[in-house]
Asker: 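Mind looking over this structure? Questions follow.
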Amino acid sequence: MLSHINVFTRGREAMEDITHRVNDLIRRSGVEEGVCYLYLPHTTAGIVINENADPSVSRDILDRLEALVPTKGSYHHLEGNAPAHIKSTLTGLSLTVPIDKGRLALGRWQGVFLCEFDGPRDRTVVVQVLPSHDAGPGETVEGRAGQP
Amino acid sequence: MLSHINVFTRGREAMEDITHRVNDLIRRSGVEEGVCYLYLPHTTAGIVINENADPSVSRDILDRLEALVPTKGSYHHLEGNAPAHIKSTLTGLSLTVPIDKGRLALGRWQGVFLCEFDGPRDRTVVVQVLPSHDAGPGETVEGRAGQP
Amino acid sequence: MLSHINVFTRGREAMEDITHRVNDLIRRSGVEEGVCYLYLPHTTAGIVINENADPSVSRDILDRLEALVPTKGSYHHLEGNAPAHIKSTLTGLSLTVPIDKGRLALGRWQGVFLCEFDGPRDRTVVVQVLPSHDAGPGETVEGRAGQP
């Protein structure tokens, strides 16, 4: 039930749209209704849902994060990527999205993005798909056990 | 299992307390213990849990977000609402909250807020309620199947 | 299924690593594969996953949050902890992490931190562990009910 999406990010900073790849995994799972968990096992990247119609929105997000957490600031961590760790904290790395009709129940303008803050690199997104159980298990059981 | 809460937000920016409406949905679901997923299918709004006792906390949150992402800044996205997209990224749009005794297991001072950054508008919150299964389904089944 | 971790935070601001304690709860639950929900019922603290190898990353996160939301700023909320409420909103208080092989499926450098913004204090983290059901419950039921 743990699936992985591998993404090679294309710049030092980048927003990589992974919406279609998540929907592919959901389709293969056969789940029509439920929830999809997206988890990033990294510390210098984030996962975000925002507009995927106009790519300038992604640029504005990266630019503003850079204004808030400047690369040329003063940091304790000596590997040079402290700002990437902080940006990851601000964007987050765990999302839960409803599944409806066999796909992510995204809003009209929404896409799922892996946000790279310290690339280019190979990244992994962990995807879990959980079907919803409309009937509680007890109900299901009784119905079936009644037909021995 | 996918329920929706419709909210008309009352200003260009606003924090709308939806705690009672989420608890109403949980009560109607009959779930006593489990988790509640809250998901916002929008790109210029956020969903946040914070203090709902003193409304000045909500004002401070909105004011500080405006200081960090000023409306009068310079952005690539030309629709004029780039700051709203960025604020949505900073606050997030997906929450998972435990359910206990048939309601959100919130802390004493907590409320759930839809954060409007580009209103006034009609907004929707997607709510999913998942019961927890203390006993694995196998265990439940065996107990019941043993009483034919 | 609702478990709690109690943490006494050691400063006005602090990042407390709770990774081992969450893994202890998962081990005791016996769940090998599933998801772990972490929820903070507070309004002046956050919960974050980031690097736990070099403690200077935690210092950088706290320092940058202070630069973005200065303690000596001007706020409406009169209890003196408005910045802590805002930092909590920026970091978030709800996480969902996959469980694999009986523990959090964290990345190599990741740890789970309670972020204190208004301490020192006693804090609580609510932990829920949900097993994944590879086979739907119906399938499990039929298999077992077939052996009366």
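In what follows, chains are A, B, ... by sequence order, proteins preceding strands, each numbered from 1. A quick note: this is a predicted structure, and the numbers were derived from the prediction, not measured.
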Asker: Non-hydrogen atoms of chain B under 4.5 Å away: do they reach the side chain of C:T89, the backbone, both or neither?
Answerer: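 Both the backbone and the side chain of C:T89 come within 4.5 Å of chain B.
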
Asker: Between the side chains of B:R21 and B:S3, does any donor sit under 3.5 Å from an acceptor?
Answerer: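 Side chains of B:R21 and B:S3: no pair found under 3.5 Å.
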
Asker: With a 4.5 angstrom heavy-atom cut-off, which part of B:D63 approaches chain C: side chain, backbone, both or neither?
Answerer: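 It is the side chain, since no backbone atom gets that close.
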
Asker: Out of C:H85, C:H76, C:E79, which one racks up the most heavy-atom pairs below 4.5 Å with chain B?
Answerer: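 Highest number of pairs under 4.5 Å: C:H76.
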
Asker: What part of C:L93 lies closer than 4.5 angstrom to a heavy atom of chain B: side chain, backbone, both or neither?
Answerer: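 Only the side chain of C:L93 comes within 4.5 Å of chain B.
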
Asker: Considering only heavy atoms, which portion of B:Y37 lies under 4.5 Å from any heavy atom of chain C: side chain, backbone, both, or neither?
Answerer: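 Answer is side chain: those atoms of B:Y37 sit under 4.5 Å from chain C.
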
Asker: Could you walk me through whether B:R121 and B:D118 pass the salt bridge (Lys or Arg N to Asp or Glu O under 4.0 Å) check?
Answerer: CA-CA 8 Å; B:R121 296 199 191 202; B:D118 190 30; 2.8 Å; yes

Asker: Between B:N81 and B:H77, does any side-chain donor sit less than 3.5 Å from a side-chain acceptor?
Answerer: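 Result is yes, a qualifying pair exists.
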
Asker: Have a look at B:V127 and tell me which of B:L2, B:I26, B:L25 forms a side chain to side chain contact (heavy atoms under 4.5 Å, CB included) with it.
Answerer: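 Answer to the side chain to side chain contact (heavy atoms under 4.5 Å, CB included) test with B:V127 among B:L2, B:I26, B:L25: B:L25.
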
Asker: Any salt bridge linking C:E16 with C:R123? Criterion: basic side-chain nitrogen under 4.0 Å from a carboxylate oxygen.
Answerer: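 The answer is no: the pair does not qualify as a salt bridge.
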
Asker: If you count heavy-atom pairs under 4.5 Å between each of B:L106, B:T91, B:I49 and chain C, which one has the most?
Answerer: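 Ranked by contacts with chain C, first place is B:I49.
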
Asker: Do we see a donor-acceptor contact under 3.5 Å between the side chains of B:S132 and C:Q128?
Answerer: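 Checked: B:S132/C:Q128 side chains show no N/O donor-acceptor pair below 3.5 Å.
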
Asker: Only pairs of heavy atoms separated by less than 4.5 Å count here; which of B:I61, B:L95, B:L65, B:N50 has the most with chain C?
Answerer: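 Highest number of heavy-atom pairs under 4.5 Å: B:N50.
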
Asker: Which atoms of C:V69 come close to chain B, meaning under 4.5 Å heavy atom to heavy atom: side chain ones, backbone ones, both, or neither?
Answerer: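 Answer is both: backbone and side chain atoms of C:V69 are under 4.5 Å from chain B.
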
